[in-house]
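Both ligands and their constituent atoms are indexed starting at 1 by order of listing. Residues: numbered from 1 along the sequence shown.
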Amino acid sequence: MSNSSSTVNEAAAPASAIIVGAGILGAATALFLAREGVAVRIVERQHAGWGASGRNAGYISMITRSGGPQLELANLSRSLYSQLAEELDDFEFQPNGALVYYYEEQLPLIEGFVKKRQEDGLPMEIVSGDRARELCPLLPEDVVGGIHSKSDCYLHPGKLVDALMNAAIKLGAELIDADVTELVVEDGRCVGVRTARTDIRADVVAVTAGSWTAAILEKAGLPFNVLHMRMQMAETAPIEERFNVAAYGPSLFHEYAFVRELPGYDDDIVLHPLQHIMPEVGLLELICQRADGRLWLGCPIEFVDGPDASPDPTVAGMAQTFGVLGDHVPALQHIPVERTWGGIAPQTGDGLPVMSDVPSVPGLFVGSGHAYGATVGPGSARVLADIILGRVPGLDASPFRYDRPAITEGMARSVSLG
Ligand SMILES: Cc1cc2nc3c(=O)[nH]c(=O)nc-3n(C[C@H](O)[C@H](O)[C@H](O)COP(=O)(O)OP(=O)(O)OC[C@H]3O[C@@H](n4cnc5c(N)ncnc54)[C@H](O)[C@@H]3O)c2cc1C
């Protein structure tokens, strides 16, 4: 294991910390610091889980993490999830794998995809159409097979944030209801945060404000270049059939650069005709079932101008979700839709998040830039907490440094989800 010295705080562990933002990153970092005896205050201007962390699909998506730092971080996170599921309040953890179902058109891609992912160390196998229908009884007869990725799982995202917060608060962490307007920097060191009511001071500050991180850092003259994505979900009424895999449809393959580079890949075999009509919207074609029998369907992705764009579902997003899933899985067509929602998540230019100190401002740390924060959240928070504590993280944290060009020097529009 190697480490970049500038990502590790060489000072002694802090006695106190402020965490800005109570999403999965903030809540899990708070928990890991509180376990080490740090006095933690989490400052959140809405409520815990209000951001993307309480709105996501809850997929712990190992199958979509590319080999290298993304997958290493996801592996760390996956092992932490098994522990957290034992330790925390229930968050509907479903460790039964993911199923990517496919039709005859996608066959040229499947073997190469599975071989590549097995080489990356992911446990997965190809299953027959009948086995795919056993794993997800909604699937139609023309599904010819499935990829069963065994280490994938899913959970209830809102319950997860609540469980992390409850555990942190039990250890003494405090949740403060306030809007952080800026960082307090004295003699070049970050010593706290300013809110409308008062300044709050601590030995260190960690900004884990999701898509809103840039606004806080930029006010202190620190660039933080990310794109912003609106992602959307729909929830149906409960159904009688039961399943507990995280199901994905074949249009998923289009969203990842490492898949598009595989032999056998062709847009025409993975994209549904509706997606050609609305090319600005990507689709992580997914269906999972909650503990109460309701289905969650998703998840269209559109780039938006900034974090304060409306998170609400769009006509194009819902048209793709219902159109593509309704065509691929006709059993869905007449199930009542009870609720739709959306949220905003950041996307960095190199697809990797930031867990780092800020070398030019001692006392300041960042945990943000997560497009796949449900998947890697606990791992990212573990790495960030280790850096704050002055410990060597359990993986090479240098790819996640703040002061890398993708974050500080602008970026091109990314077309692959990190
Ligand atoms: C619909 C949807 C589906 C998704 N599906 C998945 C999925 O299946 N799997 C997956 O891995 N990822 C998924 N994601 C992405 C994932 O949700 C995010 O990557 C993750 O939640 C980011 O967590 P975070 O803690 O960094 O930010 P957030 O959860 O956005 O939290 C940031 C918090 O900071 C607070 N805040 C901001 N500014 C301030 C301020 N100035 N003062 C005080 N508080 C502030 C906000 O109120 C917010 O609560 C999805 C996202 C969406 C929207």
- Message: Applying a heavy-atom cut-off of 4.0 Å, say which part of R45 lies close to ligand 1: side chain, backbone, both or neither.
- Response: both

- From G317, G210, G373, S53 - option closest to atom 26 (O) of ligand 1 by heavy atom: G210

- Query: Relative to the ring of F258, is the ring of Y256 parallel (under 30°), tilted (30 to 60°) or perpendicular (over 60°)?
  - Reply: tilted

- Query: Within the structure, does I24 bring an N/O atom to less than 3.5 angstrom of an N/O atom in ligand 1?
  - Reply: yes

- Task: Using a 4.0 Å heavy-atom cut-off, say whether C299 meets ligand 1 through its side chain, its backbone, both or neither.
- Result: side chain

- Winner among I60, V180, V193, L155 once heavy atoms are compared against atom 42 (N) of ligand 1: V180

- May I ask whether S61 places a heavy atom under 4.0 Å from ligand 1? no

- Task: Could you tell me whether some N/O pair between S368 and ligand 1 is separated by less than 3.5 angstrom?
- Result: no

- Item | Flag if over 12 foreign heavy atoms under 6.0 Å of CZ, R197 | no

- Ring geometry between W296 and W341 (parallel below 30°, tilted from 30 to 60°, perpendicular above 60°): perpendicular

- Query: When you check the side-chain N and O atoms of Y154 and D152, is any donor under 3.5 Å from an acceptor?
  - Reply: no

- Item | Nearest-contact summary for atom 30 (O) of ligand 1 - protein heavy atom, Å | A52 N, 3.1 Å

- Query: Can you tell me if P311 has a non-hydrogen atom under 4.0 Å from ligand 1?
  - Reply: no

- Item | Part of A48 within contact of ligand 1 (heavy atoms, under 4.0 Å) | neither

- Task: Could you label the plane-to-plane angle of the Y81 and F91 rings as parallel, tilted or perpendicular, counting under 30° as parallel and over 60° as perpendicular?
- Result: tilted

- Task: Tell me yes or no: between the side chains of Q347 and H228, is some donor less than 3.5 Å from an acceptor?
- Result: no

- Does G342 come within less than 4.0 angstrom of ligand 1, counting non-hydrogen atoms of the residue? no

